[in-house]
Engineer: 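Here it is, the structure in full.
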There are 2 protein chains.
Amino acid sequence: MTTDAGHEARYRAIAADLAAKIRSGHYAPGAALPPQRELSASYGVTLMTLRQALRELSDAKLIVQQPGSGTFVAPPHLAYQLDSLRSLVDDLRKQGHDVRTAVAGRAVRRAPARIAAELRLRPGDTALRLERVREFAGRPAVHQVSWVRRPVADQIRDRDFTAVSLYTALADAGVTVARASEVVRPGLLDPAAARHLHEPQGSPVLVSTRITYTLDATPVVSDHATILGSMMEIRTERAATGLSLTWVAT
Amino acid sequence: MTTDAGHEARYRAIAADLAAKIRSGHYAPGAALPPQRELSASYGVTLMTLRQALRELSDAKLIVQQPGSGTFVAPPHLAYQLDSLRSLVDDLRKQGHDVRTAVAGRAVRRAPARIAAELRLRPGDTALRLERVREFAGRPAVHQVSWVRRPVADQIRDRDFTAVSLYTALADAGVTVARASEVVRPGLLDPAAARHLHEPQGSPVLVSTRITYTLDATPVVSDHATILGSMMEIRTERAATGLSLTWVAT
DNA sequence: CACGCTAACTGTTATAGAACTCTTGGATAG
DNA sequence: CTATCCAAGAGTTCTATAACAGTTAGCGTG
C-alpha cells in the first residue's frame, strides 16, 4: 500500500514512537539517534517518510539535526526543562507563590462556535468546559475558562482540579502535549469576569487565548484567561541563545 | 542536476518568490493560490519540492492549506511570526509591514531617577533621550521613549532615526547587543501618550519596559513603550523545549 | 424542485533512487 | 610530532511516479 494502513499517517506513528522513546530515556538527552537511513530501514519506510517524522520532532524541539554530523536528542539542559509548556499558574508556583484554585464550573456541553473552530470540532459536538478562578495572595487574580476535547476530556473530568493542574491531569491520562500557541491582548475587565475577580469593570487586564496541541497536531485544550493587570505582568528574557517568558506577580 | 544550481535550495527560492507575490498583493488575502500541481509545473519542479516551499509559507502563517479545497492566502491578522533579539518594530518590518517612525524628541539631558537606576548611572548623569511615535497602517500605534547610556549615545545621536532603527545604529557604532529583558503590563492610555496616539484616554494598552544589555552586562538602552491594544498583540509559540515570541499587528 | 450520487477537482502521504553538502576522523606527507 | 588532505558517513535536496482522502459542483433521478 502507499499510504497509511490503519488510521494515522505512517510518519506520525513513527514520530510518536520516537517521541515516546525519547521521553522514556531510551534515547538520552544529548545522545545521537541512529542515522536516518538506518531508522528508515528499521521502520520499513522510505528516507523521505522517516525524515517527515523527524521534522515533527524537530518542530517540537525534541531533537536537533546537524548536517554532516547527526541527529541528537535535545541537549540535557533544555531537555530537563521540558516545562516550557507550563501554565501561568505553574510559573507562579515555581516562584514560591501560594496559588489557590477554585473550580467555578465543570460540565460537558455543546462548544460555542469559536471554541469548536479552535478545537476542530464538528458543530454541535460537546466538550468539557472547566471554569476556574485562581486566587493569589488572598485575592482572586485570574479567571480562566478551558475547553477540553472529547476523547481526552472523559478521562480527566473527575479529577480534582483544585489540587491538580490541567496539564498534569492530561499527562496522567497519557496525553503528551507537544506545542502551544498563545495570544495575549490588553483589555478591559468585562462584567462576567468582574464578578469572579472582585474588581471594578473597566480595570486593565490581560486576555490570554491559548491552544494546546498534541504531537499529532490535534488541538486538545482551548484556554481563555482574564488576568488582572494590577497583580500580574509578563517578563521576557531574550538572548542570542534563546528566549524565556514568565508570568510574574506584582 | 539534482539539487540546486546556484546557491540557495530550490524550494527556498520558490517560497521566497511566492511570499513576495503575496506581500505585493499579487495573491490577495483570502484568495486561492493555483493548485500545487499547476505551481510545480510552472516552476519546473516536482510536486514534493513545491510542497516543501508551501510548507515554509505555512509555517510562517502566510498561507492556509485545506485538504480537498485549496491553498489560500492567510488573512493579514493571522500572518507572520519571528522572534529576535531586536525591537518590536524590527519584528514588524522584517515581516513586510510598512512601519513609519516619527521622532518627537531627541535630547541629551539628566536622566530621571528610575532611568538612572535601570542604566546604572550615577545620579545627575546625563543620557540621550529619544522619543518616537510608530505609525502603522497609516495610524499611530506605538509611543516610545528610549534612553541611551552615555558613551554610546554620543556616537549615535546624529543618526536619522526615522530611517534607522536604534538597534541598527547601535550595531553600526560597534555595540553588540547580547541580552534584553522586557516586562509587559496591561494599562490604560494616559494623557501624555494619548496626544501622540490619537486615541481616547483609558483605551486598553500594553506598556512595555525593556532594558538591553551588551555582552559585558552593561545596560545600554532603557525603553518604555505604550502600545495600542487595538492594533497589536503578543503571540507566543511554545514547544517541548523551546519558545518563540512575536508582536503581531491586528 | 429537491435530493443523492458521481466525477473531477483539491491537498496529502507514500514509494524508490540519486546526487548534493557538511563534518569528522584517520591516513599520509612534511 | 604536526599539519594537511581525503574519504566515509551524516543530514539535505530533488526527481519521478502512484495512490489515498477530503470537497464541491453538476448531473440525474425521484
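We name chains A, B, ... by the order of the sequence lines, and we start the count at 1 in each one.
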Engineer: Report the distance from atom CG of A:Leu54 to atom C1' of D:dT12, rounded to the nearest whole Å.
Structural biologist: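 Going from A:Leu54 (CG) to D:dT12 (C1'), I get 12 Å.
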Engineer: Determine, for B:Glu56 against B:Arg12, whether the closest basic-nitrogen to carboxylate-oxygen distance falls under 4.0 angstrom.
Structural biologist: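 Salt bridge present between B:Glu56 and B:Arg12.
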Engineer: Could you give the CZ-to-C1' distance, from B:Arg12 to D:dC14, as a whole number of Å?
Structural biologist: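 In whole Å, D:dC14 C1' lies 14 Å from B:Arg12 CZ.
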Engineer: Return the value, rounded to whole Å, for the distance between atom CZ of B:Arg55 and atom P of C:dG11.
Structural biologist: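 Result: 15 Å.
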Engineer: Between B:Arg51 and C:dG11, does any side-chain N or O lie under 4.0 Å from OP1 or OP2?
Structural biologist: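 It does not, given that no N or O in the side chain of B:Arg51 lies less than 4.0 Å from OP1 or OP2 of C:dG11.
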Engineer: Less than 4.0 angstrom from a charged side-chain N to a carboxylate O is my criterion; do A:Asp125 and A:Arg149 meet it?
Structural biologist: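 Salt bridge flag = no for A:Arg149 with A:Asp125.
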Engineer: Check the side chains of A:Ser181 and A:Tyr213 for a donor-acceptor pair under 3.5 angstrom, ignoring hydrogens and angles.
Structural biologist: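 Note: A:Tyr213 and A:Ser181 side chains miss the donor-acceptor criterion.
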Engineer: I want to check something: taking the side chain as every heavy atom from C-beta on, are B:Leu170 and B:Ile156 in contact at a cut-off of under 4.5 Å?
Structural biologist: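 Contact flag for B:Leu170/B:Ile156 side chains = yes.
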Engineer: Please confirm whether the shortest side-chain N or O distance from A:Gln36 to OP1 or OP2 of D:dA10 is below 4.0 Å.
Structural biologist: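 For D:dA10, OP1/OP2 do not have a side-chain N/O of A:Gln36 under 4.0 Å.
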Engineer: Tell me: CD1 of B:Ile63 to P of C:dT10, nearest whole Å?
Structural biologist: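 Answer to the nearest Å: 15 Å.
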Engineer: Nearest 0.5 Å, please: how far is OG1 in A:Thr71 from CG in A:Leu50?
Structural biologist: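 These two atoms lie 9.0 Å from each other.
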Engineer: Whole-Å distance between D:dA16 C1' and B:Arg10 CZ?
Structural biologist: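 Nearest whole value for this atom pair: 16 Å.
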Engineer: Rounded to the Å, how far apart are A:Gln52 CD and C:dT12 P?
Structural biologist: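 In whole Å, C:dT12 P lies 10 Å from A:Gln52 CD.
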Engineer: Please report, rounded to the nearest Å, how far the P atom of C:dT15 is from the OH atom of A:Tyr11.
Structural biologist: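 Interatomic distance, OH of A:Tyr11 to P of C:dT15: 13 Å.
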Engineer: Could you go through nucleotides 23-26 of chain D and list every protein N or O atom that sits under 3.5 Å from one of its N or O atoms, giving the distance for each pair?
Structural biologist:
unit_1, atom_1, unit_2, atom_2, d
D:dT23, O4', B:Gly68, O, 3.3

Engineer: Any salt bridge linking B:Asp59 with B:Arg55? Criterion: basic side-chain nitrogen under 4.0 Å from a carboxylate oxygen.
Structural biologist: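 B:Arg55 and B:Asp59: not salt-bridged.
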Engineer: Are the side chains of A:Leu18 and A:Tyr27 in touch, meaning some heavy atoms are under 4.5 Å apart?
Structural biologist: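 Contact flag for A:Leu18/A:Tyr27 side chains = yes.
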Engineer: Nearest whole Å is fine: how far is C:dG11 C1' from B:Leu57 CG?
Structural biologist: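 That distance rounds to 15 Å.
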Engineer: Here's a test for you: under side chain to side chain contact (heavy atoms under 4.5 Å, CB included), which of A:Leu128, A:Asp154, A:Leu119 qualifies with A:Val148?
Structural biologist: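 Going through A:Leu128, A:Asp154, A:Leu119 one by one, the side chain to side chain contact (heavy atoms under 4.5 Å, CB included) with A:Val148 is satisfied by A:Leu128 alone.
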Engineer: Do NZ/NE/NH1/NH2 and the carboxylate oxygens of A:Arg114 and A:Glu118 come within less than 4.0 Å?
Structural biologist: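 Yes, this pair counts.
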Engineer: Give me the residues of residues 37-48 of chain A where at least one heavy atom lies under 4.0 Å from an atom of DNA chain C, by number, or none.
Structural biologist: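 Close to the strand are A:Arg37, A:Gly44, A:Val45, A:Thr46, A:Met48.
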